[in-house]
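Report on one structure; see the data block that follows.
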Amino acid sequence: MNANDIQALLDWYRASQRDLPWRRTRNIYRIWVSEVMLQQTQVVTAAPYYRRFLARFPTVAALAAAPLDDVLKAWEGLGYYGRARNLHAAARQVVTAHGGRVPRTPAVFRRLPGVGDYIAAAVLSIAAGEPLPVVDGNVLRVWARWCCLREDVRTARVRNRIRRELAAVIPAAAPGDFNQALMELGARVCVPRAPRCAECPLAHRCAARRAGVAAALPVPPPRRAVPLQRAVVAVIVRRGRVFIQQRPADGFLGGLWEFPGGKIEPGETPEAALVRECREEIGTAPAAIAPLAEVRHAYSHFRAHLHVFVCRLGRGAAPRVAAAGRWVTAAELDDYAFPGANRKFFPQLREWLRSESHPGGG
DNA sequence: TATACGTGGTG
DNA sequence: TCACCAAGTAT
């Protein structure tokens, strides 16, 4: 990629870039938040979260001072909740170890939780002018086509080679624009399925385009089968309230709230699994159960089929681990961060609670 | 190095 | 319905 190619790319970017909320600031904290949200997440999905998050946590100090539950609530529905936990922890480190100022030294910023090679390069090139190339999915695709690379670009070896090649050409005068231009090109023109080469400022010198194989690159990795997990959910109702509990702070959906329940074992009926899970999780079997909904949900690495039941405990029975849980009304559910798979049956649950509170009505 | 980690858009 | 994909990081 020579100076003319780079200028053509920058010209295209400056003339046709989208007006995105994080492009209206050079504040390093705001740029950082945007890049965390944009991991494995499309611009249209992240944008509303970005606005709400920064209205709620306008500074790194405000984020550090907030309870993690508030941060997770602001992240609810965005997925990869470890991003929110790491960002929150990193904000606290900035306050406690860096005097409340986001470090602009690459090696220092890179050590914060949740900051990897991509985030460090993106944030510091955009907000601090550091000539660090980003290597994300867009850049890999653009570069694989530009060079007509037939190797698997996801391997560390090829990624590192691409990073070195980009480091040799990234313009010191505009590293942030160069990085964003490559990503913008990948997101809007050099797209995966049907690249719009007619609109591409680099098409006339693109090796894959000349070879007529742009759409076939980069070569996709072999796909593995996605397992299907059947599970039960117990919505325990008592006097118009439902029982919820918080998941462990780390790991899958860490820190989010949910209803008791769990996997259906092979050969087990949903009803049997429900009774078993209630005994295991809250020490009590339900006295009565009724099906409420069935939910299908695709997680990052498996699919789930949820059988949701409304349950009542016997007179005087109580969840044995009530200290870890709460009884909440339908309205109060909105105060807690729930996984998307749970949100899917909230309408049915709310309708059920409504009809129960007005017996004989409607 | 390979796998865990969410969700929604898109064809 | 479904597979693929998206401004990746941690372990």
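First the proteins, then the strands, lettered A, B, ... as listed; each starts at 1.
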Heavy-atom nearest nucleotide on DNA chain C taken for A/R110 and for A/V43; more 5' hit belongs to A/V43
A/Q40 CD to C/dT9 P, in whole Å, measures 9 Å
To the nearest 0.5 Å, atom CZ of A/R209 lies from atom CH2 of A/W146 at 13.0 Å
To the nearest 0.5 Å, atom OG1 of A/T41 lies from atom CZ of A/R83 at 4.0 Å
Name the nucleic acid region contacted by A/L78, choosing base, sugar-phosphate or nothing; use a 4.0 angstrom heavy-atom cut-off, strictly under. base
To the nearest angstrom, the CZ-P distance between A/R83 and B/dT7 comes to 10 Å
Checklist entry - Has the side chain of A/Y80 got a donor or acceptor atom sitting under 3.5 Å from an opposite partner on the base of B/dG6? => result yes
- prompt: Is the shortest side-chain N/O distance from A/Y81 to OP1 or OP2 of B/dT7 below 4.0 Å?
  reply: yes
Scan A/A298 against the nucleic acid and name what it touches under 4.0 Å (heavy atoms): base, sugar-phosphate only, or nothing. base
Side-chain contact check for A/P192: nearest option of C/dA7, C/dG8, C/dA6 is C/dA6
A/Q39 has its side chain closest, among B/dT3, B/dT7, C/dT9, to C/dT9
A/F302 CZ to B/dA4 C1', in whole Å, measures 10 Å
Distance between C1' atoms of B/dT1 and C/dT11 (Å, rounded): 11 Å
Expected list for residues 67-77 of chain A near DNA chain C, using heavy atoms below 4.0 Å, is none
To the nearest angstrom, the CZ-C1' distance between A/R343 and B/dG8 comes to 16 Å
Between CZ of A/R296 and C1' of C/dC2 the distance, given in whole Å, is 12 Å
Validation row, ring centre A/F109 to ring centre A/W32 under 6.0 Å: yes
Under 4.0 Å, counting only non-hydrogen atoms across every strand here, what does A/V115 touch: a base, just sugar-phosphate, or nothing?
sugar-phosphate
Distance flag, aromatic centroids of A/F252 and A/F302, threshold under 6.0 Å
yes
Report task. Indicate, with a heavy-atom threshold strictly under 4.0 Å, whether A/P113 touches base, sugar-phosphate, or nothing. Result -> sugar-phosphate
Mind telling me whether A/H297 and A/Y299 have parallel, tilted or perpendicular rings, with 30° and 60° as the class edges? perpendicular
dist A/L182:CG -> A/N138:CG (nearest 0.5 Å) comes out at 9.0 Å
Quick note, A/R303 side chain, CB onward, closest among C/dA6, C/dA10, C/dC2 is C/dC2
>> Check for me whether the distance between the ring centres of A/F338 and A/F346 falls short of 6.0 Å.
In response: yes
- Message: By the 4.0 Å heavy-atom rule, please label A/L182 as base, sugar-phosphate, or nothing.
- Response: nothing
A/W22 and A/Y50: aromatic ring centres closer than 6.0 Å? yes
Handout entry: Under 3.5 Å side-chain donor-acceptor pair for A/Y336 and A/R326
Key = yes
Subject >> Side-chain N,O (A/H297) to OP1/OP2 (B/dT7) below 4.0 Å >> reply: yes
A/E35 CD to C/dG8 C1', in whole Å, measures 11 Å
dist A/H204:NE2 -> A/L202:CG (nearest 0.5 Å) comes out at 7.5 Å
- Is the ring centre of A/F57 less than 6.0 Å from the ring centre of A/Y29? no
(message) Heavy atoms only, 4.0 Å cut-off, all strands: where does A/Y299 land among base, sugar-phosphate and nothing?
(response) base
Could you check whether A/R18 gets within reach of a base, just the sugar-phosphate, or nothing at all, counting any heavy atom under 4.0 Å? base
All heavy atoms of A/Q39 vs all of A/G114, minimum pair found to be NE2-O, 4.2 Å
note: A/R154, atom CZ; B/dT3, atom C1'; distance rounded to Å ~ 15 Å
Practice problem: Mind checking A/R23 for me? I need base, sugar-phosphate or nothing, with any heavy atom below 4.0 Å counting as a touch. | Solution: base
Under-4.0 Å side-chain N/O to phosphate OP1/OP2 contact, A/H301 with B/dA4
no
Taken to the nearest whole Å, NZ/A/K344 to P/B/dG8 is 7 Å
Close N/O contacts between protein and nucleotides 9-11 of chain B (under 3.5 Å):
residue: B/dG9; atom: O4'; partner: A/Q42; partner atom: NE2; Å: 3.1

Walking DNA chain B from its 5' end, the first of A/L256 and A/R224 to be reached, judged by nearest nucleotide, is A/R224
**C/dT1 and B/dG8, which share atom name C1', separated by this distance in whole Å** = 16 Å
Q.
At 4.0 Å (heavy atoms only), tell me whether A/N179 reaches a base, stays on the sugar-phosphate, or touches nothing.
A. nothing
Query raised in the report: What distance, rounded to whole Å, do you find between the two C1' atoms, one in B/dG6 and one in C/dC5?
Result: 13 Å
Out of C/dA7, C/dA6, B/dC5, minimum distance to the side chain of A/R141 belongs to C/dA6
